[in-house]
Amino acid sequence: MSWACEEVEGLRWWRAEPLARLPWVTHGFSTRHGGTSEPPYAGLNLGLHVGDAEEAVLRNRQAAAETLGLGLEDLVCAEQVHGAGVARVSPADRGRGARVFAEALPGADALIAQAADLPPLLGLYFADCLSILIADTRHQAVGLAHAGWRGTGEQIGAATLKAMGDAFGTAPEDCLVALGPHIRQCCYQVGAELAERFGGIPGAVASRGGSPYLSLEAVNLNTLLGAGVPRDRITLGSPCTCCSEELFFSYRRDGLTGRMGAFLSARAGSG
């Protein structure tokens, strides 16, 4: 199982192959390719909160939503406070945060929804943090989470699965999960405190040149396995956002920069 990149109407999307095979799921992780933003946000910046011109971001968001077969009015966003809060999205939330950052669902770093509720397009934004995309194949429910090192430490993947279980009856063994593009261990140098915090997790910390490097993927994989998701239902191997300036924005590499988007939706009665 792997991630693959494809071009759709001038935009490049990374997709997890197992999720792409589900006819009721729409998903994608954007790149900076395309779009109308100017440097230092050049390309398809989707973040309203980074100082880019609002009109450019809204054009970019509209283009992204349309290539996914939806519109800007369908998009729902979270505040993303680097925590482990999970918000259930209903049809009444459609459009929350799509045009105005302050209207995003407050205090949340993860969104969940179910196809039976005719869910809108869930959208979160990234420039090195890791995205977690979850599809419950039994109940046609989806979850999307934002995991920086803080959310990773608070086990946001497990929190999202629990919220889906409480809301929809989701069982971890029925889920397909994909960990999206993020700053990988090759580039993610951290301090001694984080190295000690995550050092007991297999593959989480490596030493190079006397400095520790953290794998967000390894820590989140450990959390998901501990929550009960089978290893063969988790897609890893997405690219490093810091390594490829042509494809991705990276806060660690560039500082002032744009944001990619991870998007996820479900459609009732599609398979």
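Index from 1, following the sequence. Keep in mind that this is a model prediction, so the values were computed, not measured.
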For this session: Taking Arg59 for its side chain and Gln62 for its backbone only, find out whether a donor-acceptor pair lies under 3.5 Å.
Result: no
Exercise. Cationic tip of Arg259 within the cone over Tyr41's six-membered ring, i.e. under 6.0 Å and within 45° of the normal?
Worked result: no
For this session: For the pair Thr257 (side chain) and Asp254 (backbone), establish whether a donor and an acceptor sit closer than 3.5 Å, ignoring hydrogens and angles.
Result: no
Exercise. Within the distance-only criterion (no hydrogens, no angle test), does the side chain of Asp166 pair as donor or acceptor with the backbone N or O of Ala163 below 3.5 angstrom?
Worked result: no
Exercise. Just wondering, do Leu121 and Leu68 contact through their side chains at under 4.5 Å, heavy atoms?
Worked result: yes
Exercise. If you take all heavy atoms of Gly47 and Val57, which pair is closest and at what distance?
Worked result: O-CG2, 3.5 Å
Problem set entry | Heavy-atom pair of closest approach, residues Ala266 and Ala115 | CB-CB, 3.8 Å
Exercise. Are side-chain heavy atoms of Leu124 and Gln80 found at a separation under 4.5 Å?
Worked result: yes
Exercise. Does the gap between the ring centers of Phe126 and His146 come in under 6.0 Å?
Worked result: yes
Problem set entry | Under 3.5 Å donor-acceptor, His27 side chain and Val25 backbone | no
Exercise. Counting only N and O atoms by type, is there a donor-acceptor contact under 3.5 Å from the side chain of Asp109 to the main-chain atoms of Val81?
Worked result: yes
Exercise. Heavy atoms, side chains only, cut-off 4.5 Å: are Thr137 and Leu176 in contact?
Worked result: yes
For this session: Say whether Ser238 and Trp14, considering side chains only, have a donor N or O and an acceptor N or O under 3.5 Å apart.
Result: no
Exercise. Which residues satisfy the side chain to side chain contact (heavy atoms under 4.5 Å, CB included) test with Gln189, sequence neighbours excluded?
Worked result: Ser211, Tyr213, Arg252
For this session: Carefully, step by step, assess Leu105 and Val89 under the rule side chain to side chain contact (heavy atoms under 4.5 Å, CB included).
Result: CA-CA 9 Å; Leu105 293 176; Val89 175; 3.9 Å; yes
For this session: Find the distance between CG (Leu44) and OG (Ser30) and round it off to the nearest 0.5 Å.
Result: 5.5 Å
Problem set entry | Check against side chain to side chain contact (heavy atoms under 4.5 Å, CB included), Phe168 and Ile112 | CA-CA 10 Å; Phe168 315 125; Ile112 62 172; 3.9 Å; yes
For this session: Check whether any side-chain heavy atom of Cys129 lies under 4.5 Å from a side-chain heavy atom of His82, and answer yes or no.
Result: yes
Problem set entry | Any pair counted as salt bridge (Lys or Arg N to Asp or Glu O under 4.0 Å), so long as it reaches residues 173-201, sequence neighbours left out | Arg138-Asp174, Arg184-Glu217
Problem set entry | Centroid separation Phe101 to His49 less than 6.0 Å | yes
Exercise. Do Glu6 and Arg12 meet the salt-bridge criterion of a basic N to acidic O distance under 4.0 Å?
Worked result: no
For this session: Locate the shortest heavy-atom distance separating Ala16 from Thr235; write the atom from each residue and the value.
Result: CB-CG2, 4.3 Å
Problem set entry | Derivation of the side chain to side chain contact (heavy atoms under 4.5 Å, CB included) call for Leu216 and Tyr188 | CA-CA 9 Å; Leu216 291 173; Tyr188 195 18; 3.9 Å; yes
Problem set entry | Minimum heavy-atom distance Ala178-Trp3, with the two atoms named | CB-CZ2, 3.6 Å
Exercise. When you look at OH of Tyr251, are more than 12 heavy atoms from neighbouring residues, nucleotides or ligands closer to it than 6.0 Å?
Worked result: no
Exercise. Within a strict 4.5 Å, meaning less than it, do heavy atoms of the Ser207 and Pro212 side chains meet?
Worked result: no
For this session: Give a yes or no on whether the backbone of Thr241 and the side-chain of Arg253 come within a donor-acceptor separation of less than 3.5 Å.
Result: yes
Problem set entry | Main-chain N/O of Leu214 paired with Gln185 side-chain donor or acceptor, under 3.5 Å | no
Problem set entry | Shared hydrophobic cluster for Leu225 and Leu236 (ILVMFWY, side-chain gaps under 4.5 Å) | yes
Exercise. With a 4.5 Å heavy-atom cut-off, do Arg99 and Glu54 have their side chains touching?
Worked result: no
Problem set entry | Nearest heavy-atom neighbours spanning Thr67 and Val8 | CG2-O, 3.7 Å
Exercise. Which heavy-atom pair separates Gly35 from Leu11 by the least distance, and what is that distance?
Worked result: N-CD2, 4.2 Å
Problem set entry | Evaluation steps, side chain to side chain donor-acceptor pair (under 3.5 Å), between Thr31 and Trp13 | CA-CA 6 Å; Thr31 71; Trp13 290 98; over 6 Å; no
For this session: Look up atom OG in Ser37 and atom CG in Asn60, then write down how far apart they are to the nearest 0.5 Å.
Result: 4.0 Å
Problem set entry | Side chain proximity check, His139 to Gln114, heavy atoms < 4.5 angstrom | yes
Exercise. Once you round to the nearest 0.5 Å, how far does CG of Leu111 lie from CG of Leu122?
Worked result: 5.5 Å
Exercise. Honestly curious: do Val50 and Leu256 fall in one hydrophobic cluster under the side-chain, below-4.5 Å linking rule?
Worked result: yes
Problem set entry | Stepwise side chain to side chain contact (heavy atoms under 4.5 Å, CB included) test for Asn220 and Ile132 | CA-CA 9 Å; Asn220 282 281; Ile132 305 173; 3.6 Å; yes
Exercise. How long is the span from the CD atom in Glu103 to the CG atom in Asp93, to the nearest 0.5 Å?
Worked result: 11.5 Å
Exercise. Looking at side-chain heavy atoms only, is the closest gap between Leu144 and Ile134 below 4.5 Å?
Worked result: no
For this session: Report the distance from atom CZ of Arg94 to atom CG of Asp74, rounding to the nearest 0.5 Å.
Result: 5.0 Å
Exercise. Does the Arg32 side chain pair with the main chain of Ala42, one donor and one acceptor, at a distance under 3.5 Å?
Worked result: yes
Exercise. Which distance, rounded to the nearest 0.5 Å, do you find between the CG of Leu19 and the CG of Leu264?
Worked result: 7.0 Å
